[in-house]
Peer 1: 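Once you've had a glance at the structure underneath, I'll fire off some questions.
All ligand and atom numbering here is 1-based and tracks the order in the structure. From a predicted model like this one, the values you see are computed outputs, not experimental measurements.
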Amino acid sequence: MKKLIIALFAAGTLATLAMSEDAGPQSPVVAGGGGFKIQRPEMYHHGWLDLNKNGLKDAYEDPALPVGARVEDLLKRMTREERLGQLWQQQMRPGIDEKDGALVAAGGLGSFLGAAPDAGLRNRLQRLAVEESRLGIPLIFGFDTIHGFRTIFPIPLGLSCAWDEQLIERVETVAAAESAAAGVDWVFAPMVDIARDPRWGRIAEGAGEDPWLGGRMAAAAVRGFQGASYAQEDRVAACLKHYVGYGAAEGGRDYNTTEIGLPTLRNVYLPPFKAGVDAGAATLMSAFNCLNGVPASGNRFTLTEVLRDQWGFKGFVVSDWAAVNELIHHGYAADKAQAATLALNAGVDMEMVSDCYRTSLPPLLEAGKVSAATFDEAVRHILRIKIVKGLLDRPYTTPGKLGAAAAVALAREAVARCCVLLKNDRDILPLHVGGGTVALIGPMADNRHDLLGCWSGLGRDEDVVTLKEGLAAALPGAKLQVVVGCDLTTDDASGLDEAVAAARQADVVILALGEPASFSGENSFRSDLGLPGSQQQLFDRIAACGRPVVTVLFAGRPLAVPAVLEKSAAVLMAWHPGVQGGPGIADVLTGVVSPSGRITASFPRSVGQVPVYYNHLATGRPRNNYKEGSREPLLPFGYGLTYTRFEYGPTCLSSDRVLNGAITATATVTNAGPRAGTEVVQLYLRDPACSVGARPVRELKGFQRVTLKPGETKDVSFTLAAQDLGCWSVDGKWVVEAGRFELVIAPDAASGQMVGFSLDP
Ligand code: BGC
């Protein structure tokens, strides 16, 4: 039996002990006294400490060693119970009860996810793991930092409308620093699910309907959260979620079944995850949904064959909340033991909240029904990320500042950049009200809470600056009259008369309408995409007053509000904008910032059109319409106006064929309006005949933000390599097929004339 020399550091004395490897920490055998020096005793208080050859610490504790060597050294010292502990994540509750404490101190838990993290609680729990457990393996603390931690930014769908990767990086850098300052090591973000159905409330959490743009945004968010290395104290490990297909929930009903053919899975739903993995995301979360008959959290094809074997992912996979146990609810596993077996074998490393692994893996391992190698591999994946994060070397958090002025300023900038101007008749915006009367009407006019949107982290209502406050500061000379008019969701119409009276006396009416925060995010799906409660009635009554109406819409999804678009003079989509909603929107309404947002999900005409998205496949009879009207969405992907007007010349190609492996498309873009402005110039590709599988009528392949002065003209060029013309085959190969292609440079997905070229074999 191998003897280990260990040191016990307790009550100011050191004793050298010998113990049997099998005996465990409860039964040490004292071998003699010792007087050696520990350089940083605060890091080595965890009871049992093996000495390496320089007499200071074990190999796994040596930051100078390669990560792989540290993982292997640690793993070989761990008992089965300790290994099992690493695979389990529990919810963090304020106040550590004895059970939690004992579990952590016994090495029986690897991670907490935080309800309301604070650095003090985190450090107390961490101390138990690091100083009380036998090997001192630190916990990793995860949290849902979805669009900010304390400083709440616009919802991710809104952020994506800025079409600006740098903005995303800057926002997530702040979100990471605030999270880390409260003891969060790991954020459950970005959500990179493609969403083509605005009934699904979680469309708010992602970057919309396009896989290429989704991939760019995913990579930018990963860079923002993780920086050059997520070992830095102000950075966090990222988690791409929800792997995979969650956004295709049938009927938009959250958690629902998804049926996604392999070509669509490969070309639409997987690419943003692949982009996030390529950007170095530390972790992934396996989704709730059943995908083609196999739940995503028990799906070996996606979790192992695609993720590990084809993409080479080296991080770990955490299940979504109790998703391992839900394999039983899906009718895929009979009991916890089968759920644990299926999930572990599929590739889920850490189980969130439910306890299938904890209760079932020991007997399954004992009976040889789960392989020890598979089990150890899951432990390895988790240890590796903990070590790369630096948790072994710096387990504790130094509390830092939240809500700093620079963060709040960035939030204001982000709001203005995310707003999408959907209509602006006769240039009613920007507002020129001078000393006139502005009636600000609607349930979002002075609303704090709902501006935060879903998943608002530690955001507080009192941090929110409302639209009323933002406008009052931006229009000091104007007479601002504020009337709520009606409730956000109920049918109470008692305030409508007062609202109408205010509108009649105003020079301009700003209607602030929309959805409450609770209408989007998890488990918040709708069967109607109109304005809730009596808001449409409020709108109709105000619109009938004959005053010019500027409608500001707040929502977590594209709404189907054709009458609002038709009857308002101007419409600004402000999403759920976060703490700086009021000032950021006021910046746009008053022209301090010209709007440059473009929608990243199509706006349907009615809920009955859904799903309706730009990158659909062609049909044999493409012009057939609904009995009630057009098959096309009301507003296409990529659409958005600004305070000037841009004109596009035809798309010109460098050649009629790909030469030297590349082709360049150029269009002349002119600012034909009276003000400076920024245009998001978009490049779309079409492959009209593809034997790998039919391709969409259009696919986004590039964009550029171009700022032009009035009258200024610029040739905007995009170069695509032959490689960019390909698509994914069902077996995961990127295939570029020779033949005809088409390109167009356009302001949105529904404009412009395609021009053809060929790729020679
Ligand atoms: C959600 C995830 C979230 C997790 C942890 C789940 O219910 O689906 O998006 O990260 O809870 O809070």
Peer 1: Would you say the side-chain atoms of Thr151 and Glu178 include a donor-acceptor pair closer than 3.5 Å?
Peer 2: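 A donor-acceptor contact under 3.5 Å links the two side chains.
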
Peer 1: Any cation-pi pair here, Arg308 with Phe313, using under 6.0 Å and within 45°?
Peer 2: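 Not flagged: Arg308 not positioned over aromatic ring of Phe313.
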
Peer 1: Which of the atoms in ligand 1, numbered in the order shown and given with their element, are less than 4.0 Å from a heavy-atom of Leu113?
Peer 2: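 The list of qualifying atoms is 5 (C), 12 (O).
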
Peer 1: Counting each atom of ligand 1 from 1 as listed, which ones have a heavy atom of Lys241 under 4.0 Å away?
Peer 2: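 Checking each atom against Lys241, I get 2 (C), 3 (C), 9 (O), 10 (O).
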
Peer 1: Out of all atoms in ligand 1, which are within 4.0 Å of some heavy atom of Trp321? Include the element for each.
Peer 2: 6 (C), 7 (O), 11 (O)

Peer 1: What are the atoms of ligand 1, with element, lying closer than 4.0 Å to any heavy atom of Phe188?
Peer 2: 10 (O)

Peer 1: Please compare Asp193, Asp320, Asp254 and report which has the shortest non-hydrogen distance to atom 4 (C) of ligand 1.
Peer 2: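 Checking each option, the heavy atom nearest atom 4 (C) of ligand 1 is found in Asp320.
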
Peer 1: Tell me, which protein residue and heavy-atom name are nearest atom 7 (O) of ligand 1, and how many Å apart are they?
Peer 2: Glu522 OE1, 2.8 Å

Peer 1: Please determine, by modelled atom types, if Ser520 and Glu515 share a side-chain donor-acceptor pair under 3.5 angstrom.
Peer 2: no

Peer 1: How far is atom 5 (C) of ligand 1 from its nearest protein heavy atom, and which residue and atom name does that atom have?
Peer 2: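 Nearest neighbour among protein heavy atoms for atom 5 (C) of ligand 1, to 0.1 Å: Asp144 OD2, 3.2 Å.
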
Peer 1: Taking the six-membered ring of Trp186 as reference, does the cationic atom of Lys241 (NZ for Lys, CZ for Arg) lie under 6.0 Å from its centre and within 45° of its axis?
Peer 2: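 Geometry flag: not set, cation outside 6.0 Å or 45°.
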
Peer 1: Looking at ligand 1, would Phe143 count as a contact under a 4.0 Å heavy-atom criterion?
Peer 2: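 Per 4.0 Å heavy-atom rule, Phe143 does not contact ligand 1.
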
Peer 1: Kindly assign one of parallel, tilted or perpendicular to the pair Phe112 and Phe141, based on the angle between their ring planes and the thresholds 30° and 60°.
Peer 2: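 Phe112 and Phe141: parallel rings.
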
Peer 1: With a 4.0 Å cut-off on heavy atoms, is Met285 touching ligand 1?
Peer 2: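 Contact check Met285 vs ligand 1: positive.
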
Peer 1: Could you tell me whether Arg127 sits above the aromatic face of Tyr396, with NZ or CZ closer than 6.0 angstrom to the six-membered ring centre and within 45 degrees of the axis?
Peer 2: yes

Peer 1: Can you name the nearest heavy-atom pair linking Ala601 to Ile203, along with the distance?
Peer 2: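 Looking at all heavy atoms of both residues, the shortest contact is CB-CD1, 4.3 Å.
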
Peer 1: Run the numbers for me: atoms of ligand 1, each under 4.0 Å from some heavy atom of Arg202, listed by number.
Peer 2: 1 (C), 2 (C), 8 (O), 9 (O)

